[in-house]
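The sequence lines fix the lettering, A, B, ..., with proteins before strands; numbering per chain opens at 1.
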There are 2 protein chains.
Amino acid sequence: MTAGSAPKWRRLEPDERREQIFTCAAELFGERPYAAVSTGDIAARAGVARGLINHYFGTKRELYLAVVRRALTLPPSAVATLPDGSLTERTDAAVDWFLDMVSKQQKTWLAAITPEGIGRDEEVERILDEADREAAGLVLEAMGFDRGDERWEQLIAIVRTYAGMVKAASREWLDRETLNRGQVHTVLSHVLRTLVADVIPRARNQSE
Amino acid sequence: MTAGSAPKWRRLEPDERREQIFTCAAELFGERPYAAVSTGDIAARAGVARGLINHYFGTKRELYLAVVRRALTLPPSAVATLPDGSLTERTDAAVDWFLDMVSKQQKTWLAAITPEGIGRDEEVERILDEADREAAGLVLEAMGFDRGDERWEQLIAIVRTYAGMVKAASREWLDRETLNRGQVHTVLSHVLRTLVADVIPRARNQSE
DNA sequence: CCTCCTCTTGACACTTCGCCAACAAGCGGC
DNA sequence: GCCGCTTGTTGGCGAAGTGTCAAGAGGAGG
């Protein structure tokens with residue numbers, strides 16, 4: 001009791017506070033579905049007044065979208081070095097690189113791609129869409145395709161189809177633990193090779 | 001004004017009313033995300049008092065789960081006749097059958113498999129899981145595997161991985177319209193054939 | 001026509017959300 | 001070292017949503 005001037009709360013830089021709230025929100029949204037997380041919960045975990053959340057993020061939903069956006073934005077390390085070599089070597093390397101990345105981010109990423117039961121959310125879909133498109137582009141380039149390809153959009157679509165399998169495989173490996181890493185690698189690289197070698201050439205001739 | 005006894009509301013059989021509310025809820029949950037649909041909205045569309053929803057379904061969430069459950073339960077016609085023949089014939093037939101089914105249910109099914117951004121919902125995941133498992137089992141049997149196989153769980157896992165691709169492909173076809181039916185068919189049947197012929201035999205030797 | 005069963009309503013208590021005016025932390029001037 | 005101003009932060013209000021429950025009313029049966 002030397003001095004009776006202990007501040008009730010500490011004043012932070014806006015970016016700092018914003019980030020702190022964001023982190024707490026990300027944790028909670030990762031644990032429970034959107035509707036089961038109240039702004040009160042988030043404020044409590046961050047140790048701030050509820051109103052502050054609206055001050056920084058406007059709306060609960062906007063905060064949620066911010067969390068989703070960041071969770072799905074792949075780290076810059078994404079632009080990894082892709083080896084030249086045979087098709088098999090390249091697909092193997094790509095899948096390996098991907099599995100490494102996922103096993104690190106594990107928890108966040110898994111939560112981010114978990115399918116919700118029903119009910120379309122335009123905004124969220126657009127974010128997911130953009131992230132997938134980005135990833136698909138990287139994979140295609142790693143496989144030796146050119147961004148200027150006349151059928152680029154079609155190629156993207158096919159790889160995005162593959163991305164659905166990648167996500168499902170990751171869940172089997174990390175979440176359900178029904179497959180081990182080696183098995184997942186086998187599945188994903190075989191399929192990727194099939195796509196590049198057999199499917200894409202054929203699909204090109206099926207445009208209406 | 002012949003008789004002043006026009007009833008304010010009509011009394012229905014419980015099953016009938018329940019079904020009516022359920023239908024309206026399914027529509028709304030298909031249009032907007034869970035949190036953006038209020039029980040008031042549902043009651044309004046059904047033309048009943050809000051309290052009646054709780055009477056029949058207990059909770060908004062329970063109603064939602066009921067909708068999800070039904071949307072994902074494949075119709076009994078699922079047990080279609082699977083032809084004998086070469087592997088290629090069988091995979092082609094399976095994919096065709098599936099695409100037919102999807103193009104009918106289209107809207108509902110698409111909404112049901114749409115991924116939400118983040119936030120895991122145990123209950124919903126379990127329902128999705130069960131539906132996938134069911135479907136995977138049918139596919140495996142159609143491909144000539146036996147439910148008594150020593151590695152049945154592993155096979156299921158691999159096919160479930162494939163199911164992720166099937167869903168993504170359906171979205172590209174019906175929703176984004178970046179691939180046509182023929183292309184989707186090509187992609188899916190090739191991959192399925194690769195899985196059965198190449199991947200599954202190898203993965204068997206990779207169990208830890 | 002009256003009675004009773006039960007389907008249905010409407011209101012109450014409680015939680016959550018967005019808004020905003022008032023408060024105070026703590027840096028800079030004197 | 002004290003004071004004043006900027007602005008990060010609080011706390012409470014009003015609107016909206018949810019679950020509960022006792023009371024009300026449809027309509028079949030006697």
> Can you tell me if the side-chain N/O atoms of A:Tyr56 get under 4.0 Å from OP1 or OP2 in D:dG8?
Replying inline: no
>> Any carboxylate oxygen within less than 4.0 angstrom of a Lys/Arg side-chain nitrogen, looking at B:Asp121 and A:Arg32?
In response: no
>> Between B:Glu134 and B:Arg160 (salt bridge meaning N to carboxylate O under 4.0 Å), is one present in this structure?
In response: no
> For A:Asn54 and C:dG18, what is the distance between atoms CG and C1' respectively, to the nearest whole Å?
Replying inline: 5 Å
> Taking CG from B:Leu52 and P from C:dT8, how many angstroms apart are they, rounded to a whole number?
Replying inline: 5 Å
> Rounded to whole angstrom units, what separation is found between the NE2 atom of A:His55 and the C1' atom of D:dT10?
Replying inline: 12 Å
>> For C:dT8 and B:Arg17 - does any side-chain N or O of the residue sit under 4.0 Å from the phosphate oxygens OP1/OP2?
In response: yes
> Of B:Val48 and A:Gly51, whose nearest nucleotide on DNA chain C comes first from the 5' end?
Replying inline: B:Val48
> Does any N or O donor sit under 3.5 Å from an N or O acceptor when you compare the side chain of B:Arg11 with the base of C:dT6?
Replying inline: yes
>> Check A:Arg120 with B:Asp175, please: is the shortest side-chain N to carboxylate O separation under 4.0 Å?
In response: yes
>> If I take atom CG in residue B:Leu12 and atom C1' in nucleotide C:dC7, what distance separates them, rounded to the nearest angstrom?
In response: 9 Å
>> Looking at C:dT16, I'd like to know if its phosphate oxygens (OP1 or OP2) sit under 4.0 Å from a side-chain N or O belonging to A:Thr39.
In response: no
> Which whole-number value in Å describes the distance from A:Arg61 CZ to C:dT16 C1'?
Replying inline: 17 Å
> Parallel, tilted or perpendicular: which fits the ring planes of B:Phe22 and B:Phe57, with parallel below 30° and perpendicular above 60°?
Replying inline: tilted
